[in-house]
Structures are given as C-alpha cells and as structure tokens.
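First comes the structure, then the notes that go with it.
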Amino acid sequence: MKASKFTDAQKAFILKQGEQGIPVAEICRKAGISQASYFNWKKKYAGLMPSEMKRLKQLEVENIRLNRIVSHLTLDREMLQVVLKRKL
C-alpha cells in the first residue's frame, strides 16, 4: 500500500477546514487531493488530533501483527492434531 504524502497534522488541518464550513471541492483543490480521499479521511479520522491519529495507526499495525501470530499458531495447532491422529 502506498504511503500518504500527507502528515497527520496536515490531514487534521484539512479536515478542520471542512468543519469550518469551507466547501469540500475548494479544500480538495487547494490540498491536491480527491474528494474520495477527503471523505475517507473524514470517516476514519473525524475529531481526532494528530497524536491520536498516530496512535490509531500504531494500534492498527499491532493488530495486524497479532492477527498474523494467531493465524500461524492456529495453523501449527491444526498440523499437530493431524500428526497425532495419524500416529493413533
């Protein structure tokens, strides 16, 4: 996945402009983003401060890592059960 060229602070500033009543089309034109990006950011980050955005990203990365670990352990457990059934 391509990394965003916008920092969390920039995203927060862009979203804050939308809350102040500036038209979305104008915000997107000035920032150089699509309206789809704006609304995706709004859905994900609405009301968050830049530090909270960073923490959210860290939690998402940690969640992905933990899910990967659980899936590997589940696969190992299933393989061991198959081996035990064959021996019996």
Side-chain angles (χ1 to χ4, degrees):
M1 183 183 235
K2 182 179 164 186
S4 177
K5 66 180 183 178
F6 294 95
T7 64
D8 293 335
Q10 290 171 324
K11 289 177 185 178
F13 177 74
I14 291 169
L15 293 174
K16 187 63 114 176
Q17 288 178 334
E19 292 172 2
Q20 293 173 350
I22 299 173
V24 174
E26 184 178 333
I27 295 169
C28 293
R29 184 180 47 77
K30 286 181 181 179
I33 61 172
S34 68
Q35 288 187 9
S37 294
Y38 173 84
F39 288 112
N40 284 337
W41 290 351
K42 185 176 178 182
K43 180 173 62 173
K44 190 171 185 178
Y45 302 122
L48 296 179
M49 298 298 294
S51 60
E52 294 169 331
M53 289 179 182
K54 185 176 182 179
R55 180 68 181 142
L56 177 64
K57 287 180 185 178
Q58 290 172 343
L59 289 173
E60 288 173 345
V61 168
E62 183 180 0
N63 191 27
I64 290 169
R65 184 183 66 83
L66 291 173
N67 282 335
R68 190 174 297 131
I69 289 171
V70 168
S71 66
H72 286 276
L73 289 174
T74 303
L75 182 60
D76 290 345
R77 181 177 172 267
E78 292 293 323
M79 289 174 19
L80 289 172
Q81 286 181 347
V82 168
V83 169
L84 285 174
K85 286 180 181 177
R86 286 185 189 169
K87 288 186 176 181
L88 294 177

Lys54, NZ: over 12 other non-hydrogen atoms inside 6.0 angstrom: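 Open: at most 12 neighbouring heavy atoms sit under 6.0 Å from NZ of Lys54.
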Nearest non-hydrogen partners of [X] and [Y], listed with the distance:
| X | Y | answer |
| --- | --- | --- |
| Lys5 | Gln10 | O-OE1, 3.9 Å |
| Arg68 | His72 | O-CD2, 2.8 Å |
| Ala9 | Pro50 | CA-CG, 3.8 Å |
| Ser34 | Cys28 | O-SG, 3.8 Å |

Nearest 0.5 Å please: distance from the [atom1] atom of [X] over to the [atom2] atom of [Y].
| X | Y | atom1 | atom2 | value |
| --- | --- | --- | --- | --- |
| Gln35 | Lys42 | CD | NZ | 11.5 Å |
| Lys57 | Glu60 | NZ | CD | 8.5 Å |
| Asn40 | Lys11 | CG | NZ | 10.5 Å |

Glu26 side chain to Pro23 main-chain N or O, any donor-acceptor pair under 3.5 Å?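 No: the side chain of Glu26 does not pair with the backbone of Pro23.
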Identify each donor-acceptor pair in which a side-chain atom of residues 74-88 lies under 3.5 Å from a protein atom, sequence neighbours left out, and give them as a table.
residue, atom, partner, partner atom, Å
Thr74, OG1, Val70, O, 2.8

Taking ILVMFWY side chains as joined if any heavy atoms are under 4.5 angstrom apart, and letting links pass through other members, which residues group with Ile33?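 Other cluster members: Phe6, Ile14, Leu15, Ile22, Val24, Ile27, Tyr38, Phe39, Trp41, Tyr45, Leu48, Met53, Leu56.
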With Asn63 as reference, evaluate Val61, Leu59, Asn67 under the side chain to side chain contact (heavy atoms under 4.5 Å, CB included) test and give the passing residue.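 Answer after filtering Val61, Leu59, Asn67: Asn67.
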